[in-house]
Amino acid sequence: MSDTIITVKNLNTYFYTNQRCNRALNGVSLEIKRGKTLCVVGESGCGKSVTASSIMQLLPKLCRIEQGEIIYHSEDRGDIAIQDLERNGKVMRSLRGKDIAMIFQDPMTALNPVYTIGWQISEMIRAHEKISKKEARLRAIDLLKSMGIPNPEKRVDEYPHQFSGGMRQRAMIAMAMSCNPKVLIADEPTTALDVTVQAQIFKLMDELKENYNTAIMLITHDMGVVCELADDVVVMYMGNIIESGSAQELLGNPQHPYTQALLKSIPMLGKGANQNLNPIKGSTPDPLNRTKGCQFAPRCDKRTEKCDEIMPEEQLVGKTHMVRCNLFCSDMKGVN
Ligand SMILES: Nc1ncnc2c1ncn2[C@@H]1O[C@H](COP(=O)(O)OP(=O)(O)O)[C@@H](O)[C@H]1O
Ligand SMILES: [Mg+2]
């Protein structure tokens with residue numbers, strides 16, 4: 001069995017709004033490994049959520065996968081080409097929740113306000129397994145308990161609005177974990193929560209990975225979180241992966257000027273509020289205004305003329321470490 005559970009190859013996902021085409025993903029390739037945490041990092045608008053929604057086949061109506069592959073390497077069913085499945089067809093529905101589950105930034109995306117938490121978790125389990133309502137309810141209580149929700153026997157009968165933000169997030173994770181998915185995709189799962197709850201939720205996710213060998217794709221814009229949790233990292237910029245590798249290689253020796261800038265913007269504990277945080281200069285780019293060269297060039301300290309002209313190719317700079325930057329491309333490559 002291969003170590004990889006999901007392979008994304010040259011994924012192009014576009015939005016068609018107001019007769020314009022926004023290439024939200026412009027050739028994304030990545031691998032999610034069994035039992036490992038892949039962190040996907042980058043500024044707002046770079047395509048992190050669209051990558052997750054493409055894998056889940058939960059894209060908005062005006063959005064289409066134009067090219068590329070998303071392969072789910074199932075243990076019992078062999079390779080499944082997700083991009084070819086109907087969004088709401090039988091196979092995709094059987095994968096969602098049972099094999100690949102997702103937790104969202106806003107728990108109310110996943111929780112229905114008119115049903116109790118317990119009912120929702122039980123229904124999720126019963127959609128995939130033949131067990132009685134009573135058994136499913138007991139499983140829901142167990143799950144809430146394992147998520148650190150106090151008094152689960154009582155809270156299982158409460159509605160989402162009776163839960164605090166942090167508790168709701170835990171309930172959603174409980175629901176996502178209810179069928180022991182092989183892959184958990186978490187899209188900025190703690191952004192709205194305070195730091196203590198954030199730390200608890202990340203600890204829970206780490207335990208799930210250790211205990212159930214769950215593969216996790218964790219989307220975040222917080223490099224501090226990446227340094228703490230990642231086994232592997234991909235850095236995205238304007239719909240492309242500009243650097244990737246094992247956390248050890250990439251974080252120990254970041255090569256792309258954008259990754260270096262992201263790492264410089266992490267606040268250091270104990271240094272107080274007056275530290276010099278070096279935010280990345282310039283603003284995030286306009287996705288409808290692509291240039292022909294490197295998309296980061298207008299903001300890059302190391303930019304040369306070549307960068308305005310040539311889109312850099314992927315270069316391997318370590319065992320697992322890939323960077324897409326003209327500094328690493330020989331002069332002959334890509335020149336017309
Ligand atoms: N519902 C939508 N309609 C139109 N464009 C969208 C929509 N969602 C995302 N996009 C566009 O797709 C690109 C990637 O967005 P997204 O994946 O949400 O970024 P991130 O999650 O990294 O902040 C952006 O250019 C964004 O404007
Ligand atoms: Mg997002």
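Counting convention: from 1, in listed order, for ligands and their atoms alike. Values below: all heavy atoms of this structure, side chains included; hydrogens, waters and symmetry mates excluded.
- In this pair, Y258 and H256 present their aromatic rings perpendicular. The plane angle is above 60°, beyond the 30 to 60° band.
- Checking G42, G45, A24, P60 against atom 24 (C) of ligand 1, the nearest heavy atom belongs to G45.
- E313 places no side-chain N or O within 3.5 Å of a backbone atom of C329 that could act as its donor or acceptor partner.
- Of all non-hydrogen atoms in N10 and S29, the two that sit nearest each other are N-OG, 2.9 Å.
- For the pair R155 and F163, the distance from NZ or CZ to the six-membered ring centre is under 6.0 Å and the angle to the ring normal is within 45 degrees.
- Residue contacts with ligand 1, taken as heavy atom pairs separated by less than 4.0 Å, involve N22 solely via side-chain atoms from C-beta onward.
- The Mg ion (ligand 2) lies under 2.8 Å from an N, O or S atom belonging to S49.
- In terms of polar-atom proximity, F15 is not counted as a contact of ligand 1, lacking any N or O under 3.5 Å from an N or O of the ligand.
- The existence of a salt bridge linking E129 and R139 is confirmed by a sub-4.0 Å separation between a basic side-chain nitrogen and an acidic carboxylate oxygen.
- Counting protein heavy atoms only, atom 17 (O) of ligand 1 is closest to V50 N, 2.9 Å.
- With contacts defined as side-chain heavy-atom distances shorter than 4.5 Å, the pair R303/D308 qualifies.
- Atoms of ligand 1 lying under 4.0 Å from at least one heavy atom of S44, given by number and element, are 23 (O).
- In this model, a donor atom of one side chain and an acceptor atom of the other lie less than 3.5 Å apart for Y72 and D99.
- Residue P287 touches ligand 1 through its side chain alone, judged by heavy-atom distances below 4.0 Å.
- Remark: minimum distance from atom 18 (O) of ligand 1 to any protein heavy atom is reached at S49 CB, 3.7 Å.
- Considering backbone and side-chain atoms together, K48 places an N or O closer than 3.5 Å to an N or O of ligand 1.
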